[in-house]
Amino acid sequence: MSRVFLFPGQGSQFVGMAKDLCEAYPTAARMMQRAHDVLGYDLSEIMWGTGLSEEDAAERLKQTQYTQPALFVHSAIAGAVLQEKGLTPEVVAGHSLGELSALYAAGVCDFETALGLVSLRGTLMAEAGVKAPGAMSAVLGMSDEDVSAHCEATASSGAVVVAANFNAPGQVVISGSPEGVAAAGEACQQAGAKRVVPLPVSGAFHSPLMAYAAPAFNEALRAATFEAASCDVYINVTAEVERDPEILKQRLVEQLTSPVRWSQTLANMKAKGCTTFFEVGAGRVLSGLLRTTLGREWVATPLGTADQISARTTDQ
């Protein structure tokens, strides 16, 4: 019965994230201050929408260079509070950006190192989106194999489009050039997909159009100090366990242009006997994907707010 911590990626952010944690726990407030020192700006103002209307605050928080640090810091803070209360992971995994949150939770790198890498990753991916504008769409109600086949057929004509996120059975995100994503989405729709939903993103994540970000991110990773993971880490690129620090660095670079194999990761965890799941950080997206992938009886308990953490740790 392994205890699994799952860490969310982009799309889980919300205005006000982690504010209650910082108000309730001194550890959280101190970590937020450490984040300000690393980043050189007040991340809490962006996370909490200070001085902005709700609409403007949400729009700013959606900018990749801010979204990624915000999500990482929320997860790191929640994890630190849980550790203080005696709840630690035996297995970890993170969706896309969440993989860096998972590595931090597994003791691979310290907070400052992880946040510096997260900030650089977000900045580079935002720049890649400007240099090579892209798009992403969610294809619903079609198998992984069929979505991949339609992407490959579209790409054979010269367009850029790939299956980027295998989130759950019947939920695959495609990514690439606007033309490639539109054409592949149309092909999927004509072949029987229930829906094809364009996503509000600033770039073609996990596609070849993110290649611009790889060299500088790889250089930063090579200079970073990583230790062997203290628990099993399931990696997006392979959906398998890895603990070796050098291989973990390599997989983080590969992840920029490779698909997130999330449904396969969850299936592999189930096969290895994992039964207890917690979603550590913002939102409940991963709980939904767990239920869709493994069945309705499978639940990831959300641990991202002060109330959720208090309720769970009081019950221990």
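In this text the structure is predicted, and so the values were computed from the model without any measurement.
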Heavy-atom side-chain contact between [X] and [Y] under 4.5 Å:
X	Y	answer
Val4	Tyr234	no
Thr225	Thr113	no
Leu303	Leu87	yes
Ser44	Thr50	no
Asp232	Glu90	no
Pro8	His95	no

Under 4.5 Å between side-chain heavy atoms, chaining through other members, with only Ile, Leu, Val, Met, Phe, Trp and Tyr counted: pull out the rest of the cluster around Val162, sorted by chain and number.
-> none
Could you list who else is in Val197's hydrophobic cluster, with ILVMFWY side chains joined at under 4.5 Å, directly or through other members?
-> Leu140
Give the table of side-chain donor-acceptor pairs shorter than 3.5 Å for residues 289-302, with sequence neighbours excluded, one pair per line with atom names and distance.
{"residue": "Thr292", "atom": "OG1", "partner": "Gly288", "partner atom": "O", "Å": "3.0"}
{"residue": "Thr293", "atom": "OG1", "partner": "Leu289", "partner atom": "O", "Å": "2.8"}

Nearest 0.5 Å, what's the NE2-OG distance between His206 and Ser175?
-> 8.0 Å
Distance-only check: which donor-acceptor pairs under 3.5 Å involve side-chain atoms of residues 117-132, not counting sequence neighbours?
{"residue": "Arg121", "atom": "NH1", "partner": "Gln68", "partner atom": "OE1", "Å": "2.9"}
{"residue": "Arg121", "atom": "NH2", "partner": "Ser96", "partner atom": "OG", "Å": "3.4"}
{"residue": "Arg121", "atom": "NH2", "partner": "Gln255", "partner atom": "OE1", "Å": "2.6"}
{"residue": "Thr123", "atom": "OG1", "partner": "Ser119", "partner atom": "O", "Å": "3.0"}
{"residue": "Glu127", "atom": "OE1", "partner": "Tyr212", "partner atom": "OH", "Å": "2.9"}

Results of ring-ring contact (aromatic ring centres under 6.0 Å, His included) for Phe217 - residues two or more places apart only = none
Exceeds 12 heavy-atom contacts within 6.0 angstrom, atom CD of Gln83 = no
Hey, is CZ on Arg284 packed in by over 12 heavy atoms from elsewhere, all under 6.0 Å?
-> no
If the condition is side-chain contact (heavy atoms from CB on, under 4.5 Å), which residues does [X] pass it with, not counting sequence neighbours?
X	answer
Phe14	Met17, His74, Ala282
Ser53	Glu55, Asp56
Ala214	Val253, Leu256
Cys22	Ala28, Met32, Trp48, Ile77

Tell me whether [X] contacts the main-chain N or O of [Y] through its side chain, where contact means a donor paired with an acceptor under 3.5 Å.
X	Y	answer
Arg261	Val237	yes
Ser310	Asp307	no
Glu99	Asn236	yes
Gln13	Gly11	yes

With Glu186 via salt bridge (charged side-chain N to carboxylate O under 4.0 Å, His left out) - residues at least two apart = none
Taking only residues two or more places apart in sequence, or in another chain, which ones meet Lys62 in a salt bridge (charged side-chain N to carboxylate O under 4.0 Å, His left out)?
-> Glu59
List the atom pairs, donor and acceptor, that lie under 3.5 Å between side-chain atoms in residues 144-151 and the rest of the protein, sequence neighbours left out.
{"residue": "Asp146", "atom": "OD2", "partner": "Ser143", "partner atom": "OG", "Å": "3.4"}
{"residue": "Ser148", "atom": "OG", "partner": "Asp144", "partner atom": "O", "Å": "3.0"}

Give me the one residue out of Val91, Leu103, Val241 that meets side-chain contact (heavy atoms from CB on, under 4.5 Å) with Val233.
-> Leu103
Salt bridge present between Arg34 and Glu112 (N-O < 4.0 angstrom) = yes
Can we say Glu254 and Arg251 salt-bridge, meaning some charged N sits less than 4.0 Å from an Asp/Glu carboxylate O?
-> yes
What about the rings of Phe7 and Tyr104, do their centers lie closer together than 6.0 Å?
-> no
With side chain to side chain contact (heavy atoms under 4.5 Å, CB included) as the test, would you mind laying out the steps for Asn165 and Phe205 before giving the verdict?
-> CA-CA 9 Å; Asn165 295 353; Phe205 304 145; over 6 Å; no
